[in-house]
Amino acid sequence: MESSAPPGRSRPTIIDVARAAGVSKSLVSLALSNKSGVSQASRAKILKAADQIGYTSNPWARSLVRGRTRLIGVVATDIASAYNADVVVGIEDEAAQEDYEVLVTHGRRDPDHLARGVQRMLQLGVDGLIVVSSRVPQAVLDDAARRRPVVVVGRPTGASEFVDVIHNDDELGGALAIEHLHTQGHRRIGFIATSTQAAVRARGAAYEQTMQRLGLDYRWQLPTDFPKDPRFAQRVFDLVAETPSKDAPTALFVATDGTAIRLLGEALDRGLRVPQDMALVGYNNSTVASTMRPGLTSVDQPRNDMGSLAMRYLLQRIAGRTEYRVEIMTPQLVQRNSSTA
């Protein structure tokens with residue numbers, strides 16, 4: 001029999017179930033909540049009646065009455081990002097083990113849109129909030145933390161002691177990338193920033209410090225707004241071609257995989273050999289880094305683990321923990337053919 005109410009009719013209630021089954025509303029409530037005090041025969045009759053009239057329970061409404069929804073809100077920078085998606089999967093897996101549901105929205109890399117996402121989640125009554133972004137304004141994070149437990153996965157420019165933070169060791173990751181290229185024989189190594197966010201700035205600082213530590217005077221960097229150009233990859237290799245061969249970079253450390261992949265494609269389109277003519281190292285170790293050919297060497301962040309830990313930290317906050325925590329995750333370099341022949 002059709003299990004949903006006919007179009008245009010209101011949603012069936014337990015009163016309707018009681019009428020259809022010929023029992024009291026209190027007995028229906030016990031049966032649908034799977035509580036004792038209901039005979040097997042009565043329970044079966046009630047469940048059959050509920051199915052026939054298309055009754056479905058509303059656990060969210062019941063949870064609101066109890067003061068807990070068992071819903072976790074996740075606000076991510078951009079759900080199209082492989083990094084964000086992997087962190088969210090880690091959150092969802094951990095939440096499922098603790099019988100929580102996860103609501104996800106993303107901010108399209110816009111701080112105002114992200115701020116609205118935070119407000120919407122709070123209005124929905126989530127028990128806690130995980131922000132997978134460094135772009136949410138500090139005032140928005142602080143205000144949210146006064147209303148619900150909040151954990152940030154990323155490197156926010158600032159947040160109160162009521163907001164836990166989990167981020168990657170970008171300084172170590174940048175050093176691993178430069179050291180790897182150095183061991184491959186490269187001395188003219190360039191760095192390409194992809195934004196002005198704290199994580200990218202940390203990778204740039206690691207480039208500077210590691211080059212200096214290795215005794216390399218060479219520096220090759222681009223303006224921070226360069227990647228916004230739709231012809232970005234072409235412009236990079238135009239600059240490489242315009243630079244005298246003795247001064248041109250033989251390897252590039254790129255702050256994100258997405259940009260590194262664009263550059264790798266442009267290099268191949270121009271007939272360059274990768275890595276013989278130009279070696280490339282990205283950051284994030286996204287899925288496409290391993291599936292494309294040549295495979296992209298990349299610094300791996302433990303994204304699923306970061307999401308899982310964020311969920312555990314949030315549950316601790318929900319349970320009453322008040323002390324501030326920051327967790328810095330250790331990256332690893334995954335070598336592929338974009339940097340090793």
Side-chain angles (χ1 to χ4, degrees), residues 82-83 134 154-155 167-224 226-227 232-233 235-237 239-240 243-267 272-286 288-290 292 294-303 328-341:
Y83 166 82
S134 60
R155 299 179 72 141
H167 68 81
N168 180 65
D169 189 341
D170 295 292
E171 292 81 1
L172 174 59
L176 291 173
I178 302 305
E179 289 168 355
H180 165 69
L181 290 169
H182 184 261
T183 62
Q184 297 301 308
H186 296 282
R187 301 297 180 264
R188 300 197 304 273
I189 303 169
F191 172 69
I192 296 183
T194 54
S195 75
T196 58
Q197 297 302 306
V200 173
R201 294 200 307 272
R203 295 164 199 174
Y207 165 73
E208 291 281 354
Q209 293 164 7
T210 308
M211 293 286 281
Q212 182 177 5
R213 175 165 53 82
L214 294 173
L216 302 176
D217 293 332
Y218 185 85
R219 302 289 187 277
W220 198 88
Q221 299 188 63
L222 300 176
T224 54
F226 215 68
F232 162 72
R235 287 186 63 194
V236 168
F237 280 98
L239 285 176
V240 172
T243 304
S245 58
K246 65 181 181 63
D247 298 322
T250 62
L252 295 174
F253 168 41
V254 189
T256 60
D257 280 355
T259 301
I261 289 165
R262 290 167 62 189
L263 292 171
L264 195 156
E266 180 66 18
L272 297 176
R273 298 171 301 162
V274 177
Q276 293 88 345
D277 298 326
M278 178 65 75
L280 290 161
V281 175
Y283 207 107
N284 285 332
N285 194 32
S286 57
V288 69
S290 62
M292 66 182 301
L296 177 68
T297 295
S298 185
V299 179
D300 180 68
Q301 302 186 74
R303 302 178 297 279
I328 301 176
M329 310 294 281
T330 302
Q332 295 182 330
L333 184 80
V334 180
Q335 298 184 28
R336 299 190 180 94
N337 290 339
S338 70
S339 65
T340 57

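The shown structure was predicted, so the numbers you read here are calculated from the model rather than taken from an experiment.
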* Asked: Crowded around Q221 CD? As in, over 12 foreign heavy atoms under 6.0 Å?
  -> yes
* Would you say T250's side chain and M278's backbone share a donor-acceptor pair under 3.5 angstrom? -> no
* Asked: Is the backbone N or O of S286 less than 3.5 Å from a side-chain atom of D257, with the two atoms forming a donor-acceptor pair by type?
  -> yes
* Asked: Going from CG on L214 to CD1 on I189, what distance comes out if it is rounded to the nearest 0.5 angstrom?
  -> 7.5 Å
* Asked: If you look at every heavy atom in A255 and V200, which pair is closest and at what distance?
  -> CB-CG1, 3.9 Å
* Asked: Does a sphere of radius 6.0 Å around CD in Q335 hold more than 12 heavy atoms from other residues, nucleotides or ligands, not counting ones at 6.0 Å or beyond?
  -> yes
* Would you check, one step at a time, whether the test side chain to side chain contact (heavy atoms under 4.5 Å, CB included) holds for I328 with H167? => CA-CA 5 Å; I328 301 176; H167 68 81; 3.7 Å; yes
* **For R303, salt bridge (charged side-chain N to carboxylate O under 4.0 Å, His left out) partners two or more places apart** => D86, D300
* Asked: Which value, rounded to the nearest 0.5 Å, describes the distance between S298 atom OG and L333 atom CG?
  -> 8.0 Å
* Between CG of L172 and CE of M329, what distance do you get to the nearest 0.5 Å? -> 13.0 Å
* To do: Identify the heavy atoms of P302 and T330 that sit nearest to each other, and give their distance.
  => CD-O, 3.9 Å
* To do: Please test L216 against I178 for side chain to side chain contact (heavy atoms under 4.5 Å, CB included), starting from the C-alpha separation and ending with a verdict.
  => CA-CA 11 Å; L216 302 176; I178 302 305; 5.5 Å; no
* Just by modelled atom types, is the A248 backbone N or O under 3.5 Å from a matching donor or acceptor in the T243 side chain? -> no
* **D247 atom CG: more than 12 heavy-atom contacts under 6.0 Å** => yes
* Pairs meeting criterion ring pair (Phe, Tyr, Trp, His ring centres under 6.0 Å) with involvement of residues 184-211, two or more places apart -> F191-Y207, F191-F253
* Between N284 and Q301, does any side-chain donor sit less than 3.5 Å from a side-chain acceptor? -> yes
* Contacts of R219 that satisfy salt bridge (charged side-chain N to carboxylate O under 4.0 Å, His left out) - sequence neighbours left out -> E208
* Asked: Does N168 reach the side chain of Y83, with side-chain heavy atoms less than 4.5 Å apart?
  -> no
* Roughly how far, to the nearest 0.5 Å, is the CD1 atom of I261 from the CE atom of M292? -> 5.0 Å
* May I ask you to decide if T297's main-chain N or O and S338's side chain share a donor-acceptor pair within less than 3.5 Å? => yes
* Asked: Under the 6.0 Å and 45° cation-pi test, does R203 pair with Y283?
  -> yes
* **Gap between atom CG of L263 and atom CG of L280 - 0.5 Å precision** => 6.5 Å
* Could you tell me whether a side-chain N or O of Y218 sits under 3.5 Å from a main-chain N or O of G190, the two making a donor and an acceptor? => no
* **Considering all heavy atoms, the nearest L222-L239 contact** => CD2-CD1, 3.6 Å
* Got a sec, which pairs hit side-chain hydrogen bond (donor to acceptor under 3.5 Å, both in side chains) with one end in residues 171-184, sequence neighbours left out? -> R155-E171, E179-R213, H180-S339
* Asked: Between OG1 of T340 and CG of L181, what distance do you get to the nearest 0.5 Å?
  -> 10.5 Å
* To do: Could you pull out the closest heavy-atom pair between A260 and V254, with the gap in Å?
  => N-CG1, 3.6 Å
* Partners of R187 by salt bridge (charged side-chain N to carboxylate O under 4.0 Å, His left out), sequence neighbours excluded? -> none
* Structure fact -> Taken in chain and number order and not counting sequence neighbours, the residues that satisfy salt bridge (charged side-chain N to carboxylate O under 4.0 Å, His left out) with D169 are none
* To do: Indicate the atoms forming the closest heavy-atom contact of A206 with G174, along with that distance.
  => CB-CA, 3.8 Å
* **Any P294 side-chain heavy atom under 4.5 Å of R336 side chain** => no
